[in-house]
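One-based numbering along the sequence shown. None of these values were measured; they are calculated from a predicted model. Any value given below was found using the heavy atoms of this structure, including those in side chains, with hydrogens, waters and symmetry copies removed.
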Amino acid sequence: AHAAFQLGLDIREGALALGFAGRLRLALSDVEGQDGPIRGRDYDEASDFVHILRYLDYQRRFGSLHVSMAAGELRGDTLGHGSLLRDYSNIADPDHLHAGLRLGLRHDRFDLDLLMDNLARPSVLGGRLALRPFDGFCGGGKSCVLSIGASGVVDLQAAAAAAAVGRDGLPEVDEGSWTPLVEREVLGLAAVDIELLFAGGGKT
């Protein structure tokens, strides 16, 4: 059992929203392998300190170009239609919390999205570019927009196989976090998607 104390600061000014929060957990009883009352696993990696940045959100429009930037906790992030990355979160493991980055550009002719899971030690890198080369007419008084997108994701530490198997035939786990011990490899994926958007009579 632990007692948790958390102190945060939120700043909102115009197009910028910024939030910091730090958590300290104190053991209420002796914990095996822990020196002192502070839970050591909360701050034993560089990314644990970077995670003090919980969120940053900035949006601005430059003429027909809309720019957005989000940093900190990624919750349910999806690239494009989710061909490769859907509902992604970088805070699923409470002992390995990250502060990531998401950049987006929106224009009448293109969309660009970039994603990084961890500012301190990147593991998942993704991006998507969608082009709308022309606006056409599909007939019947309806207009249509063709969008062609390409996505790419690289996982530098993808789980490949169990690192060790116990006598019961199940993968061995880390005793501190209860996550499986796995061998890791670099995994790269790519996808292409085509979208045709119909609009007519004020409806899309």
Side-chain angles (χ1 to χ4, degrees), residues 1-6 8 19-56 70-103 113-128 149-193:
H2 291 78
F5 300 90
Q6 183 162 298
F20 300 94
R23 180 176 60 188
L24 193 65
R25 286 191 282 194
L26 305 178
L28 300 180
S29 59
D30 292 336
V31 178
E32 184 178 352
Q34 178 173 307
D35 296 327
I38 299 176
R39 188 175 187 272
R41 295 182 73 95
D42 288 339
Y43 293 98
D44 60 351
E45 303 174 60
S47 58
D48 293 328
F49 292 92
V50 180
H51 181 253
I52 292 176
L53 171 64
R54 291 300 170 88
Y55 69 87
L56 182 152
E73 296 182 350
L74 303 179
R75 298 172 179 263
D77 277 50
T78 298
L79 282 180
H81 298 288
S83 304
L84 298 179
L85 203 64
R86 178 183 294 274
D87 297 329
Y88 176 77
S89 173
N90 65 349
I91 57 169
D93 187 340
D95 284 323
H96 302 283
L97 299 173
H98 302 153
L101 179 66
R102 176 79 183 261
L103 298 175
D113 285 290
L114 300 173
L115 181 144
M116 177 191 300
D117 73 319
N118 188 358
L119 292 170
R121 188 182 177 185
S123 173
V124 177
L125 304 171
R128 179 178 183 269
S151 305
V153 174
V154 176
D155 189 341
L156 303 177
Q157 300 183 44
V165 178
R167 294 181 179 179
D168 55 3
L170 299 175
E172 293 187 0
V173 299
D174 181 279
E175 294 181 357
S177 62
W178 294 99
T179 55
L181 298 174
V182 297
E183 297 177 355
R184 306 206 176 261
E185 65 179 18
V186 177
L187 174 66
L189 299 171
V192 175
D193 58 82

query: Is there a side-chain contact between Ile91 and Leu74 (heavy atoms, below 4.5 Å)?
result: no
query: Any side-chain heavy atom of Asp87 within less than 4.5 Å of one from Thr78?
result: yes
task: Check Glu172 against Gly166 and note the closest heavy-atom contact, atom names and distance.
output: CG-N, 3.8 Å
message: Could you check whether any side-chain heavy atom of Val186 comes within less than 4.5 Å of a side-chain heavy atom of Val154, counting everything from C-beta outward?
response: yes
- prompt: Below 4.5 Å, heavy atoms only, C-beta onward: do Leu181 and Val173 meet side chain to side chain?
  reply: no
message: For a quick check under 3.5 Å, do His51 and Glu73 share a side-chain donor-acceptor pair by atom type?
response: yes
task: Dump the intermediate steps for side-chain contact (heavy atoms from CB on, under 4.5 Å) on Asp77 and Leu115, then the final yes or no.
output: CA-CA 9 Å; Asp77 277 50; Leu115 181 144; 4.0 Å; yes
message: Closer than 3.5 angstrom, by distance alone: can the side chain of Asp155 be matched with the main-chain N or O of Val124 as a donor-acceptor pair?
response: no
message: Between Arg128 and Asp113, does any NZ, NE, NH1 or NH2 come within less than 4.0 Å of an OD or OE carboxylate oxygen?
response: no
message: Just checking Arg184: does its CZ atom have more than 12 heavy atoms from other residues, nucleotides or ligands closer to it than 6.0 angstrom?
response: yes
query: Out of curiosity, Phe20 CZ to Ile52 CD1, how far, rounded to the nearest 0.5 Å?
result: 9.5 Å
query: Roughly how far apart are Arg86 CZ and Leu79 CG, rounded to 0.5 Å?
result: 10.5 Å
- request: Could you tell me whether the side chain of His2 reaches within less than 4.5 Å of the side chain of Leu26, counting heavy atoms only?
  value: no
query: To the nearest 0.5 Å, how far apart are CG in Asp42 and CG in Leu24?
result: 8.0 Å
statement: Tightest non-hydrogen contact, residues Asn90 and Gly72, listed as ND2-O, 3.4 Å
message: side-chain contact (heavy atoms from CB on, under 4.5 Å) for Gln157 and Arg121? Distances and angles first, verdict last.
response: CA-CA 11 Å; Gln157 300 183 44; Arg121 188 182 177 185; 3.9 Å; yes
query: If you measure from CZ on Arg23 to CG on Leu97, what distance do you get to the nearest 0.5 Å?
result: 6.0 Å
- prompt: Is the side chain of Asp117 donor-acceptor paired with the backbone N or O of Gly100 at a distance under 3.5 Å, no angle test?
  reply: no
- prompt: Does the side-chain contact (heavy atoms from CB on, under 4.5 Å) test come out yes or no for Ser151 and Asp193, once each step is laid out?
  reply: CA-CA 8 Å; Ser151 305; Asp193 58 82; 4.2 Å; yes
statement: Residues Met116 and Pro122: closest non-hydrogen pair is SD-CG, 3.8 Å
- request: State whether the side chain of Ser47 and the backbone N or O of His98 hold a donor-acceptor pair below 3.5 Å, judged by distance alone.
  value: no
- line: Shortest non-hydrogen pair, Leu101 vs Ala71, comes out as CD1-CB, 4.0 Å
task: Could you tell me whether the side chain of Ser83 and the main chain of Ala191 form a donor-acceptor pair under 3.5 Å?
output: no
